[in-house]
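Values below: all heavy atoms of this structure, side chains included; hydrogens, waters and symmetry mates excluded.
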Amino acid sequence: QVQLVESGGGLVQAGGSLRLSCAASGIIFRLYDMGWYRQAPGQQRELVATITSRGSQNGADSVKGRFTISRDNAKNTVYLQMNSLKPEDTAVYFCNARLGARNHWGQGTQVTVSS
């Protein structure tokens, strides 16, 4: 059974930092492209950042220079380091694992940035 378990969300003031983690089980982690997405109330889910199985990274323009995605294949974990947080970063953040037609999601973790 595939499980993606996010952690690290919470309440932080604007300008602060958080580090999200996503621990994967039930998949051969090193083969999967991993990503972080977010969904704010009343909004569609949007891409935040992705990292391929080979380590190539990509991110939304809105987070470039502030957020960094990384992975540790030995720990089956993907991270999202979020710095200089803004109130508009407030959302539920979801972890995603993708390999071909296989597409898995975590349950999400809430990030709230106060002004």
A.B. asks: Is there any salt bridge (charged side-chain N to carboxylate O under 4.0 Å, His left out) pair reaching into residues 15-35, and which pairs are they, with sequence neighbours excluded?
C.D. replies: none
A.B. asks: Taking only residues two or more places apart in sequence or in another chain, which ones pass side-chain contact (heavy atoms from CB on, under 4.5 Å) with S17?
C.D. replies: Q81, N83
A.B. asks: Taking side chain as C-beta onward, heavy atoms only, is V111 less than 4.5 Å from M82?
C.D. replies: yes
A.B. asks: Measure from NZ or CZ of R71 to the centre of the six-membered ring of F29 and say whether it is under 6.0 Å with the direction within 45° of the ring axis.
C.D. replies: yes
A.B. asks: Start with the C-alpha distance between D89 and R66, add both sets of side-chain angles, then the distance that settles side chain to side chain contact (heavy atoms under 4.5 Å, CB included), and finish with yes or no.
C.D. replies: CA-CA 11 Å; D89 295 318; R66 300 189 298 124; 2.7 Å; yes
A.B. asks: In Å, rounded to the nearest 0.5 Å, how long is the span from OG of S7 to CG of L20?
C.D. replies: 8.0 Å
A.B. asks: Does I27 reach the side chain of Q3, with side-chain heavy atoms less than 4.5 Å apart?
C.D. replies: no
A.B. asks: List for me each residue that meets side-chain contact (heavy atoms from CB on, under 4.5 Å) alongside S70, sequence neighbours excluded, and say none if there are none.
C.D. replies: Y79
A.B. asks: Return the orientation label for the W105 and Y37 ring planes: parallel under 30°, perpendicular over 60°, tilted otherwise.
C.D. replies: perpendicular
A.B. asks: Any non-hydrogen side-chain atom of F67 less than 4.5 Å from a side-chain atom of L85?
C.D. replies: yes
A.B. asks: Would a single hydrophobic cluster contain both V63 and V12, if residues Ile, Leu, Val, Met, Phe, Trp and Tyr are joined by side-chain heavy-atom contacts under 4.5 Å?
C.D. replies: yes
A.B. asks: May I ask whether L11 and V113 are part of the same hydrophobic cluster, defined by side-chain heavy atoms of I, L, V, M, F, W, Y residues being less than 4.5 angstrom apart, directly or through others?
C.D. replies: no
A.B. asks: Between R102 and H104, which heavy-atom pair has the shortest distance, and what is it?
C.D. replies: CB-NE2, 4.0 Å
A.B. asks: Answer whether the closest heavy-atom distance between the side chains of N96 and N103 falls below 4.5 Å.
C.D. replies: yes
A.B. asks: Restricting to non-hydrogen atoms, name the atom on C95 and the atom on L4 that form the minimum distance, rounded to 0.1 Å.
C.D. replies: O-CD1, 3.8 Å
A.B. asks: With a 4.5 Å cut-off on side-chain heavy-atom distances among I, L, V, M, F, W and Y, is there a chain of contacts connecting V2 to L99?
C.D. replies: yes
A.B. asks: L47 vs W36, test: side chain to side chain contact (heavy atoms under 4.5 Å, CB included). Steps then yes/no.
C.D. replies: CA-CA 7 Å; L47 170 71; W36 287 96; over 6 Å; no
A.B. asks: Provide the closest heavy-atom pair for L31 versus S53 in the form atom of the first, atom of the second, distance.
C.D. replies: O-CB, 3.6 Å
A.B. asks: Judged by modelled atom types alone, do T90 and E88 share a side-chain donor-acceptor pair under 3.5 Å?
C.D. replies: no
A.B. asks: Within 45 degrees of the ring normal and closer than 6.0 Å to the centroid, is that where the cationic atom of R45 sits relative to F94?
C.D. replies: yes
A.B. asks: May I ask you to say whether K64 pairs ionically with D61, meaning some side-chain N is under 4.0 Å from a carboxylate O?
C.D. replies: yes
A.B. asks: Mind checking the NZ-OG spacing from K86 to S115? Nearest 0.5 Å is all I need.
C.D. replies: 14.0 Å
A.B. asks: Using the rule given for side chain to side chain contact (heavy atoms under 4.5 Å, CB included), can you reason through V48 versus L80, listing the C-alpha separation, both sets of side-chain angles and the distance that settles it, and then say yes or no?
C.D. replies: CA-CA 9 Å; V48 177; L80 185 68; 4.1 Å; yes
A.B. asks: Are side-chain heavy atoms of R98 and M34 found at a separation under 4.5 Å?
C.D. replies: no
A.B. asks: Can you give me the closest heavy-atom contact between L18 and G8, atom names plus distance?
C.D. replies: CD2-O, 3.8 Å
A.B. asks: What's the shortest heavy-atom distance between G35 and I69, and which atoms?
C.D. replies: CA-CD1, 4.3 Å
A.B. asks: Mind listing the closest non-hydrogen atom pair of R38 and A91 along with its distance?
C.D. replies: CB-CB, 3.8 Å
A.B. asks: Would a distance-only check, ignoring hydrogens and angles, find a side-chain to backbone donor-acceptor pair under 3.5 Å from E6 to S21?
C.D. replies: no
